[in-house]
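What follows is a set of notes on a single structure, which appears directly below.
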There are 2 protein chains.
Amino acid sequence: MMPVPLSPLHEAIHKQTAKEMIRDKIVSLIASGILQVGDELPSERELASMLMVSRETVRGAVQRLAGEGIVQVSQGARTRIANVNVDVGGQRIGVTNPTSINGYSLDAVHAARLLVETAVVADAAKHLSTEDIKRLEESILVQEQACNDPVRFLICDREFHLTIYYASENRLLADFVVDLYTYMLDHRRIAMGKPGAIEKSLEDHRFIVRALKMRNPEAVSAAFSEHILRIHDTSLAVDADGAGFKPAPASWGNEKEPA
Amino acid sequence: MMPVPLSPLHEAIHKQTAKEMIRDKIVSLIASGILQVGDELPSERELASMLMVSRETVRGAVQRLAGEGIVQVSQGARTRIANVNVDVGGQRIGVTNPTSINGYSLDAVHAARLLVETAVVADAAKHLSTEDIKRLEESILVQEQACNDPVRFLICDREFHLTIYYASENRLLADFVVDLYTYMLDHRRIAMGKPGAIEKSLEDHRFIVRALKMRNPEAVSAAFSEHILRIHDTSLAVDADGAGFKPAPASWGNEKEPA
DNA sequence: TTTAACTGGACTACTTAACAGTCCAGTTGT
DNA sequence: ACAACTGGACTGTTAAGTAGTCCAGTTAAA
């Protein structure tokens with residue numbers, strides 16, 4: 001989330017060219033569902049000015065993205081630039097390692113969510129505005145219509161969750177939770193392919209909104225707790241390559257590595 | 001700790017030369033108390049090889065640091081390289097904004113610590129090795145001797161805390177807590193100047209070790225909770241420019257800024 | 001239909017960061 | 001006295017990024 005750049009002196013400096021940074025930025029925007037299939041990128045000149053780099057640099061980044069098949073320069077013509085492809089030739093964007101996320105175990109991420117997220121949403125329950133709740137209810141309607149489109153559903157899911165998180169007054173913890181949520185995106189996208197997964201999530205969301213409307217922090221906490229545990233179950237099921245469901249440990253768990 | 005690079009597209013690319021990165025790395029190492037006054041940096045050639053950059057680049061970074069007065073090239077002679085200065089001409093290194101840390105309010109940081117740190121140390125209590133506990137007890141002895149030297153005490157303090165944090169099996173949360181702790185360092189360094197502050201901390205540490213030896217997670221949690229609250233009190237007192245102590249809110253609190 | 005404002009493609013000349021290598025004078029510890 | 005270091009100071013080279021220009025095609029409004 002919000003790193004003190006406290007890497008030890010013996011660690012190599014990580015240099016990155018501007019091209020790479022731009023490329024990665026766009027990739028992460030796609031991987032997180034903010035940029036979706038068919039979206040147009042701003043023009044090269046526009047990107048250059050908003051990223052504070054020269055146009056050639058933007059060109060380089062975009063051309064590399066095109067080379068990787070991640071964006072498409074619109075067919076034939078030369079106007080406009082790129083259409084985002086979420087998956088290209090079966091290869092999905094983003095790092096998807098089924099048993100670890102950014103070097104942390106899935107269990108560790110889930111344990112962290114269970115601890116922090118329940119606290120954050122409990123606080124959010126106290127501060128959610130009526131407009132926020134209205135937005136959440138509308139979001140549910142949209143989600144219902146997106147039931148058959150995992151990608152679209154995930155985008156709604158993201159907006160739904162973030163609306164709640166950022167209602168908390170502790171922005172530090174909210175940011176942290178958003179990071180945890182974002183880490184899970186790849187896993188969730190796979191899990192969403194399972195039959196019934198979307199409906200289950202939707203059901204959880206409805207339950208959460210009911211608890212929020214009652215402005216009952218404990219109920220909201222409990223609802224999220226269940227929601228997270230269900231997600232954990234699904235993730236594990238995905239890791240196990242389909243079949244069986246393991247029970248949720250809800251405990252800690254991670255490879256140790258003391259200072 | 002562990003950033004999802006999810007910056008919006010309209011945000012400028014943050015280019016940084018290798019020189020700047022090396023400079024910042026060293027500065028942060030000083031600001032966090034890992035590098036202290038009088039410490040020697042490795043030789044230019046050594047730094048170059050461990051940072052995977054050319055010697056010229058290291059030279060540039062070090063020379064800039066020397067120019068800023070942050071490190072000193074050893075007097076007269078030309079052997080060895082630099083001595084770290086924690087404060088230069090009264091100006092201390094690192095960002096010290098008394099009412100916010102990295103854009104987060106002090107209250108938010110304390111609330112986060114209260115929530116996550118107590119959980120992490122409770123887990124740590126279950127997994128601390130006997131050698132770890134022995135190290136902690138030795139650390140207490142060193143701390144007693146460092147009572148009159150705030151900087152030295154803080155370094156011991158850091159080692160003490162990190163030893164406990166990383167005994168937890170959830171490395172994600174442990175990393176998070178370490179970040180929170182590190183954020184506080186500047187504030188703590190100021191607070192440590194207050195008479196009795198060091199002794200109070202030391203007393204807390206003794207209490208924590210006792211709880212750890214009993215391997216009682218709840219007791220450890222409670223001990224840390226008190227410790228954190230005391231630190232919060234002291235920080236607030238510092239913010240108020242000396243004088244009175246305010247009671248610890250222990251609540252959330254942060255400027256809101258929804259997505 | 002004409003026209004003005006866009007788009008991306010392509011190319012130039014220039015600046016700068018970083019690299020790799022060398023040589024030197026002084027300091028250290030054996 | 002010696003070998004093994006240190007930082008200082010050069011060199012030439014490579015690659016990234018900048019700033020500018022010109023062009024051909026598209027788009028939408030006049």
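This is a predicted model, so every value here is computed, not measured. Naming convention: chains lettered A, B, ... in sequence-line order (proteins, then strands); numbering from 1 in each chain.
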Rounded to the nearest Å, what distance is computed from the CZ atom of residue A:R64 to the C1' atom of nucleotide C:dG8? 21 Å
At under 4.0 Å, does any side-chain N or O of A:S43 touch on OP1 or OP2 of C:dT7? yes
Looking only at the side chain of B:R55 (C-beta and beyond, no hydrogens), which of the listed nucleotides C:dT22, C:dG9, C:dT7 gets closest? C:dT22
Given 3.5 Å as the limit, does a donor-acceptor pair link the side chain of A:E137 with the main chain of A:K134, or not? no
Can you tell me if A:Q145 uses its side chain to pair, donor with acceptor, with the backbone of A:V142 under 3.5 Å? no
Would you say B:I13 and A:K25 make side-chain contact, with heavy atoms under 4.5 Å? yes
Any side-chain N or O of B:S54 under 4.0 Å from OP1/OP2 of C:dA20? no
Report yes or no: does A:Y181 contribute a side-chain atom to a donor-acceptor pair with the main-chain N or O of A:R158 at less than 3.5 Å? yes
The nucleotide from D:dG7, C:dG8, C:dT7 with an atom nearest the side chain of B:E44 is D:dG7
Separation of A:L41 atom CG from C:dT7 atom P, in whole Å? 13 Å
Check this one for me: any side-chain N or O of A:R59 less than 4.0 Å away from OP1 or OP2 of C:dG8? no
As an exercise, state the distance from CG of B:L173 to CG of B:L180, rounded to the nearest 0.5 Å. 10.0 Å
Indicate the ring-plane relationship of A:H205 and A:H161, choosing parallel, tilted or perpendicular according to the 30° and 60° boundaries. perpendicular
Point-to-point distance, once rounded to the nearest 0.5 Å, from CZ of A:R59 to CD of A:Q63: 4.5 Å
Taking for each residue the nucleotide of DNA chain C with the nearest heavy atom, is it B:M52 or A:E46 whose nucleotide lies nearer the 5' end? A:E46
Just the atom pairs and distances: protein N or O near nucleotides 3-5 of chain C's N or O, under 3.5 Å.
none

Would the distance check show the side chain of B:S49 and the main-chain N or O of B:E46 forming a donor-acceptor pair, the cut-off being under 3.5 Å? yes
Mark yes or no for whether B:S139, through its side chain, and B:R135, through its backbone, hold a donor-acceptor pair below 3.5 Å. no
Considering heavy-atom distances to DNA chain C, does B:E56 or B:R45 have its closest nucleotide positioned more toward the 5' end? B:E56
Between A:Y165 and A:E117, a side-chain donor and acceptor under 3.5 Å: yes
If you fit an axis to the five pairs at each end of the helix from C:dT1-D:dA30 to C:dT30-D:dA1, how big is the angle between those two axes, to 10 degrees? 30°
Using a 6.0 Å cut-off, check whether atom CD of A:E159 has over 12 heavy atoms from anything other than its own residue. no
Ordered by number, residues from residues 13-21 of chain A within less than 4.0 Å of DNA chain D (heavy atoms) are A:T17, A:A18, A:K19
